[in-house]
There are 2 protein chains.
Amino acid sequence: MEQVTGRIREFNRYYTQRIGVLTDHYLGQRSLGEARLLYELSRDPDVRSVRARLGLDSGYLSRLLRALERQDLITLERHPEDGRARIAVFTAAGRAAVSDLDTRSDESVATLVDPLTPDQRRRLADAMDEVQRLLRIAAIEVQPVAAGSAVARSCLHEYAEELSRRFPEGYGPDDLLPASAFAFFLVASDGVAPVGCVGLRVLSPGVGEIKHMWVSPSARRLGVGRRLLASLESSAADLGFTELRLSTHEALPEAIALYQALGYAEIPPYGDDVHGQRFFSLPLFR
Amino acid sequence: MEQVTGRIREFNRYYTQRIGVLTDHYLGQRSLGEARLLYELSRDPDVRSVRARLGLDSGYLSRLLRALERQDLITLERHPEDGRARIAVFTAAGRAAVSDLDTRSDESVATLVDPLTPDQRRRLADAMDEVQRLLRIAAIEVQPVAAGSAVARSCLHEYAEELSRRFPEGYGPDDLLPASAFAFFLVASDGVAPVGCVGLRVLSPGVGEIKHMWVSPSARRLGVGRRLLASLESSAADLGFTELRLSTHEALPEAIALYQALGYAEIPPYGDDVHGQRFFSLPLFR
DNA sequence: GAAAGTATCTGACTAAAGTCAGGTAATCTC
DNA sequence: GAGATTACCTGACTTTAGTCAGATACTTTC
């Protein structure tokens, strides 16, 4: 571990120093805060979501917006669906400023990699992808959300889509439990998008049933399922559950393997789930 | 190229955002400027060289140093060889502060990679090494230096060392030309250390001789030799030379291949270099 | 329809980070 | 040994990047 830490720190020192030089260049005369905000708004004009994403103080953001307005780069309009919120509308000058920022940024990167051969450039991009992919994995966090929330619904939608492709008998939205059925619902997210989910419903006092576990295809074989289950088990134990059960399907061998690896024991069929073919149970201790 | 640029920008956005979060943590209550300076001084107490490396304003640096002195972390002493310059001497508290910074930094990196498996961590470190290696290659610059300068001498020293290993007849420091023999001398550097060199001496009016071309083993096969020669050729042409010559040795097949690939034509022996076995020439045009 | 919550704005403030001009002492160059 | 250069210092200043405490208008929840 120490070796890896040292190498990462060395990389970080080198990279930040190298990139600092670049940053100065592509900003032109604009400040970093303004440039970043301008760029983010150009991709997503919703002020509220940009604020959340960049983690800015509302006062600070408000002043930055005022500065962009004074420069006639944007105007702020009322959000069509929520009168409290604002959306940024770019003026012609604003669009020009964004594209200028874009060009400068492209140019400074091009200057950076110019001495490299095409092959070296490709290797650089590949290595950066690998770094980013691994950092994204490291960023995956499991958190409880409301089963009716937008993020939970989007996970369940993808879950149903996938099962409909994999189950010979098919699977439809009607096979999903209603949000009210869940005692709690967990979503794994990598900080950008959800990459997995799982819910728990009460079967009988002290007995919970694991339902609708899903891992995004882009995040398979990275330990997301394992972490979702670990989190679910510990939350369930805290809530006083003493046993977890689940039913799964022959068409999901990776799920079956995971349950077996985590100590779930196969049990006789229970319940009336039409898709249930294999059944498992795990005792919980506090 | 556009694709690669976009991927690099995407990486940069993600990385800087991710790392910003880390930075807050390991600083403790110290400001970024102070912490960075403290760290740099702990590796190299020479104020002058740290100032050059970090590119700081002298007034700003002076104030930062005063702050570190006030906190009893360092004392400033006169540089033993230059009464104008200062070196930082760490107090016990200063050494403790550096090691504290070090520990925090290690910890925050460890927290970052904690969710990864050991294999994933190794892959992360490897990918970071690749990124850094390629960025370092991209940073290589060829610049003229005085043939008697410290950097030129250190290149020539390594050059002689290597030839003494590769030439059956041996090679010693006495085989090197004196600094005064060169019309000009070029060094390739990656921003950290020199990675190659080449010198030109005058054979006769309009005819220059390429001497002592060397590429550091750590930078072979990266196009450094090619760039050194391109730079030398254009400088020589600017100075009015119309022909370049060189002698090389059978024990250096990679050099011979490079000269041939760049259009140097083999010519009959000339001069009296005891190590000369193969001879090449290139006409120059302005 | 009242209460609670949300999205933004405003004013007042702070610390960090840096710039610039001018000064002193030491050293280098001729 | 004069003049230029270098390394650093000091004072005065600016910009950036925030924080915090309320105020206001709108929306959601009960």
Side-chain angles (χ1 to χ4, degrees), chain A residues 16-17 20-21 23-24 27-41 44-71 74-89 146 148-150 180, chain B residues 16-17 20-21 23-24 26-41 44-71 74-89 146 148-150:
Chain A
T16 47
Q17 199 159 345
V21 179
T23 311
D24 303 344
L27 289 179
Q29 71 290 68
R30 228 174 295 283
S31 79
L32 178 61
E34 273 179 35
R36 197 174 43 173
L37 178 59
L38 200 61
Y39 179 80
E40 293 290 335
L41 287 174
D44 171 7
D46 186 321
V47 169
R48 170 175 40 180
S49 72
V50 167
R51 185 172 100 71
R53 185 138 34 87
L54 298 183
L56 296 176
D57 173 86
S58 69
Y60 180 39
L61 174 62
S62 186
R63 238 171 298 275
L64 285 176
L65 289 171
R66 220 71 332 109
L68 295 179
E69 270 189 326
R70 259 201 316 281
Q71 295 168 60
I74 60 169
T75 57
L76 289 172
E77 293 184 4
R78 183 190 157 105
H79 193 292
E81 274 136 40
D82 186 340
R84 295 165 299 184
R86 296 295 167 89
I87 54 166
V89 177
S149 63
S180 59
Chain B
T16 47
Q17 198 159 342
V21 179
T23 312
D24 305 343
Y26 67 65
L27 291 180
Q29 72 291 65
R30 228 174 296 282
S31 79
L32 178 62
E34 273 178 36
R36 198 173 41 172
L37 178 58
L38 200 60
Y39 179 80
E40 292 290 335
L41 287 174
D44 171 8
D46 186 322
V47 169
R48 170 174 41 179
S49 72
V50 167
R51 184 171 103 72
R53 186 138 33 88
L54 298 183
L56 296 175
D57 174 86
S58 72
Y60 181 38
L61 175 63
S62 187
R63 240 171 297 275
L64 285 176
L65 288 171
R66 222 66 336 106
L68 294 179
E69 270 188 325
R70 261 200 314 280
Q71 295 168 62
I74 59 169
T75 57
L76 289 171
E77 294 184 3
R78 183 191 158 106
H79 192 292
E81 275 136 38
D82 185 340
R84 295 165 300 182
R86 296 296 166 90
I87 55 167
V89 176
S149 64

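Within every chain, numbering begins at 1; the chains are lettered A, B, ... in the order of the sequence lines, protein sequences first and strands thereafter. Given the structure is predicted, the values throughout are model-derived calculations rather than measurements.
Atom CG of A:Leu68 and atom OG1 of A:Thr75 lie 11.5 Å apart (nearest 0.5 Å). Between the CZ atom of B:Arg51 and the CG atom of B:Leu56 there is a distance of 8.0 Å, given to the nearest 0.5 Å.
No engagement by A:Leu64 is indicated, since no non-hydrogen atom pair under 4.0 Å with the nucleic acid exists.
Whole-Å rounding puts the A:Arg30 CZ to D:dA17 P distance at 13 Å. Counting to the nearest Å, the C1' atom of D:dT16 and the CG atom of B:Leu32 are 14 Å from each other. Between the CG atom of A:Leu54 and the P atom of D:dG18 there is a distance of 10 Å, given to the nearest Å. A:Glu81 places its CD atom 13 Å from the C1' atom of D:dT27, with the value rounded to the nearest Å. As a whole-Å value, the separation of A:Leu38 CG from D:dT16 C1' is 17 Å.
Remark: B:Ser31 is in phosphate contact with C:dA17, judged by side-chain N or O atoms under 4.0 Å from OP1 or OP2.
Side chains of B:Leu76 and B:Arg66 form a contact here, defined as non-hydrogen atoms less than 4.5 Å apart.
When every heavy atom of A:Ala67 is checked against every heavy atom of A:Glu34, the shortest pair comes out as CB-OE2, 3.8 Å.
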query: Quick one: what's the B/S/- string for nucleotides 2-8 of chain D, heavy-atom cutoff under 4.0 Å, read 5' to 3'?
result: ----BSB

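Of the candidates C:dA26, C:dG18, D:dT19, the closest approach to any side-chain atom of B:Arg78 belongs to C:dA26.
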